[in-house]
Every structure is written in structure tokens, then in C-alpha cells.
Amino acid sequence: MNRDHPSYRHKVYEIVRQIPSGRVMTYGQIAEILGEGYTARTVGYVMHAAGDENVPWQRVINAKGGSSTGKVTVPVNLQQRLLEEEGVKFSEKGFCDLERYRWYPEGFEAADDDETATLFGDAD
DNA sequence: CTCGTGACGGGGG
DNA sequence: TCCCCCGCCACGA
């Protein structure tokens with residue numbers, strides 16, 4: 001089956017498809033992993049057709065832990081509702097705890113920032 | 001070809 | 001603390 005070349009968008013979908021139920025990722029996080037020409041803005045942009053690609057689009061939220069779907073064709077609270085069905089708790093303002101639900105693909109776990117204090121100091 | 005938009009993010013006031 | 005502005009890059013007119 002000839003499949004299209006891994007499109008710009010498809011790389012985003014590949015990652016989103018790996019997000020387990022009850023977990024989330026942010027647009028910026030995905031952009032950071034893909035690197036090369038990807039930004040939070042463009043990642044969000046390609047998500048327009050995510051529902052058409054059988055991708056769990058509801059698991060991608062903004063850096064504040066909420067949904068930015070205000071301007072899109074989907075109901076504003078649909079994303080939040082779907083996530084709550086998966087067990088994600090949201091505050092009254094519509095934000096969830098990213099520290100608690102954020103998911104990292106294998107090989108992209110968050111690194112500790114403590115080491116930054118050890119390096120640097122006398123060089124330069 | 002150029003201009004403007006947008007499911008974002010971070011810094012400054 | 002919240003709100004506003006700028007930067008980021010793909011895509012349509």
C-alpha cells in the first residue's frame with residue numbers, strides 16, 4: 001500500500017496516537033520533540049484534521065493545562081469532557097494538573113534541572 | 001509571489 | 001496574579 005510520504009502532519013499524529021488514555025501532552029511539548037520547523041502553533045494547526053485521522057486529539061492541550069478549542073468547530077467543553085471520561089480531573093477554571101497527567105514518549109522523559117547548578121562557575 | 005491567520009508559548013507590565 | 005504583545009511556522013487566498 002502506497003502510503004503518502006510521512007507528511008508534516010503525520011509526524012504529529014504518530015506521537016498523539018501513543019498518548020495513553022487518561023494522559024495528556026501539550027502542543028509545545030510535541031513541537032519540542034519533533035524539532036525541525038515544528039512550533040506549538042503549527043502543531044495546533046495540524047490538529048484540525050486529527051479527528052479525521054483517527055487520532056485522540058483530546059489528549060493534546062495547551063501549556064496551561066486547558067483546552068484552546070474556543071475558535072474551532074468542536075464544542076468548547078468537548079475536549080475537557082472527553083478527558084474527564086478518561087479520569088483526568090479539571091479545576092473549576094478548566095485546568096488540569098500537568099505535573100500529574102503529562103505524558104512523555106519513551107526516550108523523552110523530563111530531565112532533572114538540578115544539574116544546571118553544578119556546571120558553570122569558573123570557565124569563560 | 002506576498003499577506004494574514006491560527007487547537008501556542010513565554011516574557012513584560 | 002492576570003492581561004497583552006511578539007515570535008514562531010505552515011497553509012490558504
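Just so we're on the same page: letters track the sequence lines, and every chain starts at 1.
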Legend entry - Those residues that, when tested against Lys89(A), pass side-chain contact (heavy atoms from CB on, under 4.5 Å) (two or more places apart):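 Lys89(A) satisfies side-chain contact (heavy atoms from CB on, under 4.5 Å) with Tyr101(A) once adjacent residues are dropped.
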Legend entry - Close residues, residues 87-102 of chain A, relative to DNA chain B [heavy-atom separation under 4.0 Å]: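 None, since no heavy atom is under 4.0 Å.
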Under 3.5 Å, N/O pairs linking protein and nucleotides 9-13 of chain B:
unit_1: dG9(B); atom_1: OP1; unit_2: Gly28(A); atom_2: N; d: 3.3
unit_1: dG9(B); atom_1: OP1; unit_2: Ala63(A); atom_2: N; d: 3.2
unit_1: dG9(B); atom_1: OP2; unit_2: Ala63(A); atom_2: N; d: 2.7

Legend entry - d(CD, Glu53(A); P, dA7(B)) in whole Å: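 Rounding to the nearest Å, CD of Glu53(A) and P of dA7(B) are 18 Å apart.
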Inset, instruction - Using whole Å, report how far NE2 of His48(A) lies from P of dT5(B). - result: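 His48(A) atom NE2 is separated from dT5(B) atom P by 14 Å.
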Inset, instruction - State which residues pass side-chain hydrogen bond (donor to acceptor under 3.5 Å, both in side chains) with Glu86(A); sequence neighbours excluded, sorted by chain then number. - result: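 With sequence neighbours excluded, Glu86(A) shows a side-chain hydrogen bond (donor to acceptor under 3.5 Å, both in side chains) to Gln58(A), Arg59(A), given in chain and number order.
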With sequence neighbours excluded, give me every salt bridge (charged side-chain N to carboxylate O under 4.0 Å, His left out) pair touching [range].
range	answer
residues 14-24 of chain A	Glu14(A)-Arg17(A)
residues 34-44 of chain A	none
residues 96-107 of chain A	none

Can you list, pair by pair, the side-chain donor-acceptor contacts under 3.5 Å of residues 46-57 of chain A, counting residues two or more places apart and other chains?
none

Inset, instruction - Apply salt bridge (Lys or Arg N to Asp or Glu O under 4.0 Å) to Glu85(A) and list each qualifying residue two or more places apart in sequence or on a separate chain. - result: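 Salt bridge (Lys or Arg N to Asp or Glu O under 4.0 Å) check on Glu85(A) returns nothing, list empty.
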Inset, instruction - Not counting sequence neighbours, which residues clear salt bridge (Lys or Arg N to Asp or Glu O under 4.0 Å) with Arg81(A)? List them please. - result: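 By the salt bridge (Lys or Arg N to Asp or Glu O under 4.0 Å) rule, Arg81(A) matches no residue at all.
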Legend entry - ring pair (Phe, Tyr, Trp, His ring centres under 6.0 Å) partners of Tyr38(A), counting only residues at least two apart: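 Result, ring pair (Phe, Tyr, Trp, His ring centres under 6.0 Å) vs Tyr38(A): Tyr8(A).
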Kindly give the atom pairs (protein nitrogen or oxygen, nucleotide nitrogen or oxygen) under 3.5 Å for nucleotides 10-13 of chain C.
unit_1: dC11(C); atom_1: O4'; unit_2: Tyr45(A); atom_2: OH; d: 3.4

Legend entry - For Ile33(A) against Ile15(A), the heavy-atom pair lying closest together: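 The pair with the smallest heavy-atom distance is CG2-CD1, 3.9 Å.
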